[in-house]
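Read through the structure below, which is laid out as C-alpha cells, and then see the notes.
These values consider heavy atoms only, across backbone and side chains, with no hydrogens, waters or symmetry-generated copies. Read the numbers this way: they start at 1 and go in the same order the structure lists the ligands and their atoms.
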Amino acid sequence: MVKRYSSLEIDPELFKTLGHRLTDQIAGFLSTIRTRPVTRGESPEEIRKILGNSSLPEKGRDVSTLLDDAAQLMLEHSLLNGHPGFFGYITSSAAPIGALSEFLTAAVNPNVALFHLAPIATEIEAQTVRWIAELIGYPTECGGLLVSGGNMANFVCFLAARKASADWDIRSLGLRREPLRIYTSKETHTWIEKAADMFGLGTQAIRWIATDKNLRMDAGDLEEQISKDSKAGDQPFLVIGTAGTTGTGAIDPIREISRICKDNKLWLHVDGAYGALAASLPDADEDLRSLELADSVAVDPHKWLYAPLEAGCALVRRPEFLTDAFSFHPPYYRLQDDGEKPPLNYFEYGPQNSRGFRALKVWMSLLSAGREGLVGMISDDIALAEELYRAVARHSELQAFTRGLSIATFRYVPSEIRPGPDNDGLLNELNERTLARIQKEGRVFLSNAVIDGKFLLRACIVNFRTTSREIAELPEIVAGAGRMVFEEMRPAPVS
Ligand SMILES: *Cc1c(COP(=O)(O)O)cnc(C)c1O
C-alpha cells in the first residue's frame with residue numbers, strides 16, 4: 001500500500017482564500033497601472049540578486065506566503081505592457097477577461113490534441129478560428145488552429161504550402177535537388193529566415209523583392225524574379241505578402257500579388273500577424289480587405305485581439321492543407337471515427353501534440369467585446385497613431401517619418417542640426433541614445449525602426465488603455481530626453 005502524500009494538492013478552503021487574495025492583488029494592480037512606471041529598467045544583475053542563487057530547496061514551502069511573494073515579484077519587477085504609455089514593438093495590453101480565462105483554463109486543463117480529451121475546448125477553438133476568419137474576411141470553411149504566436153502561425157502555413165506545392169511526396173522523400181524559391185520583401189518579419197533555415201530550404205532560397213517608397217512590395221520586381229528563376233530551372237513555390245509590416249505597418253499590394261501568384265500557380269501566404277485584424281474596419285484599405293485571395297494567413301490574437309500571451313492563429317484555405325502536412329496516425333491514438341463527420345483532432349492540424357487551451361481567452365475577448373467593440377478599439381488605436389504623427393510633425397524638434405496602421409515613426413532633431421545625409425550618423429547615435437534613455441526613465445516605452453539607414457523612434461499603439469492624453473504628452477517626453485542626450489554628446493568646451 002502506498003501511503004500517498006501529494007505535496008502539490010491544496011485544500012479547497014485554502015484554495016478559495018488564496019484565490020480571493022490573489023484576485024484582490026491583481027485588481028489593485030490593474031486599478032493603479034496608470035500611475036506606475038512602465039518599467040523600472042532593472043539590470044539582469046539586480047533581478048538575479050532579488051531571486052538569489054541558492055539551489056532548489058529540499059523541502060517545499062507554505063503556498064500562502066509563496067503566492068504572495070510571487071505576486072510581489074511579478075507586480076513590482078515586470079515591464080508593464082498594459083500601461084497606457086506602452087508603445088513598444090507590437091505587444092498589446094492584455095484584456096483582463098483573458099487573465100480570468102487563463103485561470104479557468106489552467107484549472108480544468110483540457111488537452112486539445114484530441115476531441116475526446118477536450119470536447120468543449122475543441123469546439124470552442126473551432127468556433128474561435130471561424131470567428132477570426134469572419135472578422136478578417138477569410139472564408140469560414142477554412143482550416144485553422146491556434147498556436148503560440150505569429151512566428152508559429154507563419155511556420156504552420158509555410159509547411160502547409162510546402163506540402164501542397166511539391167509534386168512529389170515531400171513528407172517522406174524530403175527536399176529534392178531543384179531549389180524551391182520563396183519571394184518576399186525585406187520588410188517581412190524574420191520568421192521567414194527561421195523558416196527557410198529550419199525547414200531545410202536554406203535562407204538563400206529567399207528572393208528579396210524590392211519595395212517602393214512606402215515600403216510595399218514592388219509587384220513588377222516580383223514578377224520579374226519569378227520568371228527569371230523559372231527560366232533557370234528553379235522551382236518557385238511561395239510568395240509572402242505582409243498585411244501590416246512590423247517596422248512601419250505597410251500593407252503589400254495583396255491583389256496585385258495574388259494575380260501574379262495565380263498566373264504562376266504559386267501559393268500566396270499573407271503574414272497578417274499584426275495587421276490582418278484591421279481588415280475588420282469598415283474603412284480598411286482595399287488590399288487589407290482582400291485577404292480571401294490568400295491560400296493562407298497568419299493572425300495574432302495576442303496583438304490586435306488583446307489576448308494575453310500566447311495566442312497566434314494559422315488559417316489555410318482548406319482544412320486538408322493542414323492534415324496533408326501534419327497528420328500521422330500513431331497506434332496509441334485509437335481515433336474514433338464512427339459518425340458521418342469524424343471529430344476534430346487538433347494534433348493532426350499542426351506540429352504540436354499535447355496542446356493547451358489557448359482559444360478560451362480569445363473566445364472570451366471576442367464575445368465580451370463583440371465585433372463592434374473590437375472594431376472600435378482597433379480604429380481608436382489607429383486614430384491615436386495618426387494623432388501622434390500630427391503632433392510629432394508639429395513639434396519643432398521632431399521629424400515625422402511614417403504612419404501605417406497604428407505605427408508612427410519619427411526622430412529627434414535638435415534645432416541647430418539640419419537633417420540631411422551628412423548628419424545621419426550623428427542623428428542615429430543621438431536617437432539610439434535617446435531611445436535608451438526613454439526606456440530607462442520608464443514613463444513611456446518606445447521601440448525603433450530603421451528606414452534607409454536612419455535610426456527612428458517608433459510608437460506602436462495596440463493598447464486599449466492609451467488615450468489622447470498620453471499621445472499629447474509623448475512629443476515633449478521625447479524631445480526632453482533628446483535634449484539631455486544631445487547635451488551629453490556635446491564635446492566639452494576647450495578651455
Ligand atoms: C509580430 C509579428 C510576427 C511574429 O509574431 P510573434 O507573435 O511575435 O511570434 C510575425 N510577423 C509580423 C508581421 C508581426 O508583426
Side-chain angles (χ1 to χ4, degrees), residues 79 81 86-94 98 132 136 144-159 161 182 184-198 206 208-209 211 214-217 238-254 257 268-279 285 287-288 291 294 296-315 350-352 356 358-359 361-362 365 378 381-382 385 402 404-409 447-450 458-463:
L79 174 139
N81 49 34
F86 180 82
F87 312 122
Y89 310 103
I90 311 181
T91 304
S92 65
S93 55
I132 289 174
I136 67 167
L145 79 166
L146 292 196
V147 292
S148 56
N151 267 29
M152 280 305 291
N154 283 307
F155 295 158
V156 165
C157 295
F158 182 98
L159 289 168
I182 304 160
T184 200
S185 91
K186 270 280 181 204
E187 295 303 306
T188 302
H189 190 280
T190 53
W191 72 265
I192 185 54
E193 281 148 304
K194 285 194 185 178
D197 171 19
M198 290 198 305
I206 307 170
W208 297 108
I209 306 302
T211 47
N214 295 317
L215 302 174
R216 307 168 78 216
M217 190 192 286
L238 172 64
V239 178
I240 299 156
T242 303
T245 58
T246 312
T248 63
I251 297 159
D252 281 334
I254 304 296
I257 295 175
L268 168 59
H269 170 65
V270 174
D271 178 2
Y274 161 48
L277 284 151
D285 165 297
D287 281 304
L288 198 48
L291 296 176
S296 56
V297 182
V299 196
D300 249 353
H302 68 209
K303 287 178 177 168
W304 247 337
L305 285 179
Y306 313 98
L309 297 160
E310 305 162 334
C313 178
L315 300 173
Q352 265 186 282
R358 292 199 175 91
K361 61 193 173 191
V362 183
S365 285
I378 295 172
D381 283 340
I382 294 174
T402 63
L405 295 174
S406 65
I407 298 174
T409 60
S447 53
N448 74 280
V450 177
R458 170 181 172 284
C460 174
I461 303 161
V462 189
N463 193 336

Margin query: I'd like to check which ligand 1 atoms, numbered from 1 as shown, lie under 4.0 Å from a non-hydrogen atom of Ala273.
Written below: 2 (C), 3 (C), 10 (C), 11 (N), 12 (C), 14 (C)

Note to self: Using the rule given for side-chain contact (heavy atoms from CB on, under 4.5 Å), can you reason through Asp252 versus Ile257, listing the C-alpha separation, both sets of side-chain angles and the distance that settles it, and then say yes or no?
What the structure shows: CA-CA 8 Å; Asp252 281 334; Ile257 295 175; 3.9 Å; yes

Check: Is it true that a side-chain atom of Ser447 and a backbone atom of Gly88 form a donor plus acceptor pair closer than 3.5 Å?
Finding: no

Notebook entry, point to check: For Asp287, does its backbone N or O pair with a side-chain atom of Asp285 as donor and acceptor, under 3.5 Å?
Noted result: yes

Margin query: Can you name the atoms of ligand 1, numbered from 1 with element, that are less than 4.0 Å from a heavy atom of Gly244?
Written below: 13 (C)

Item checked: Test of proximity, His189 against ligand 1: N or O pairs below 3.5 Å -> no

Note to self: Against ligand 1, does His302 come closer than 4.0 Å with any heavy atom?
What the structure shows: yes

Item checked: Geometric N/O contact Thr246 with ligand 1, under 3.5 angstrom -> yes

Next item on the list: Answer with side chain, backbone, both or neither: which part of Ile90 has a heavy atom less than 4.0 angstrom from an atom of ligand 1?
Entry: side chain

Note to self: On a heavy-atom basis, I'd like to know which of Val147, Asp300, Asp271 is closest to atom 7 (O) of ligand 1.
What the structure shows: Asp300

Note to self: Apply side-chain contact (heavy atoms from CB on, under 4.5 Å) to residues Val362 and Ser365 and explain how you reach the verdict.
What the structure shows: CA-CA 5 Å; Val362 183; Ser365 285; 5.7 Å; no

Check: So, Ser93 side chain and Asn463 main chain: donor-acceptor pair closer than 3.5 Å or not?
Finding: no

Next item on the list: Can you measure from CG (Leu238) to OG (Ser296) and round to the nearest 0.5 angstrom?
Entry: 7.0 Å

Note to self: Please check: side-chain N/O of Arg458 versus main-chain N/O of Gly247, any donor-acceptor pairing under 3.5 Å?
What the structure shows: yes

Next item on the list: Look at the side chain of Thr246 and the backbone N and O of His189, then say whether any donor-acceptor pair between them is shorter than 3.5 Å.
Entry: no

Notebook entry, point to check: Got the closest protein heavy atom to atom 6 (P) of ligand 1, with its distance?
Noted result: Gly150 N, 3.2 Å

Check: Numbering the atoms of ligand 1 from 1, which are under 4.0 Å from a heavy atom of Gly149?
Finding: 7 (O), 9 (O)

Margin query: Please list the nearest protein heavy atom to atom 2 (C) of ligand 1 with its residue and the distance rounded to 0.1 Å.
Written below: Lys303 NZ, 2.3 Å

Checklist line | Identity and distance of the protein heavy atom lying nearest atom 9 (O) of ligand 1 | finding: Asn151 N, 2.8 Å

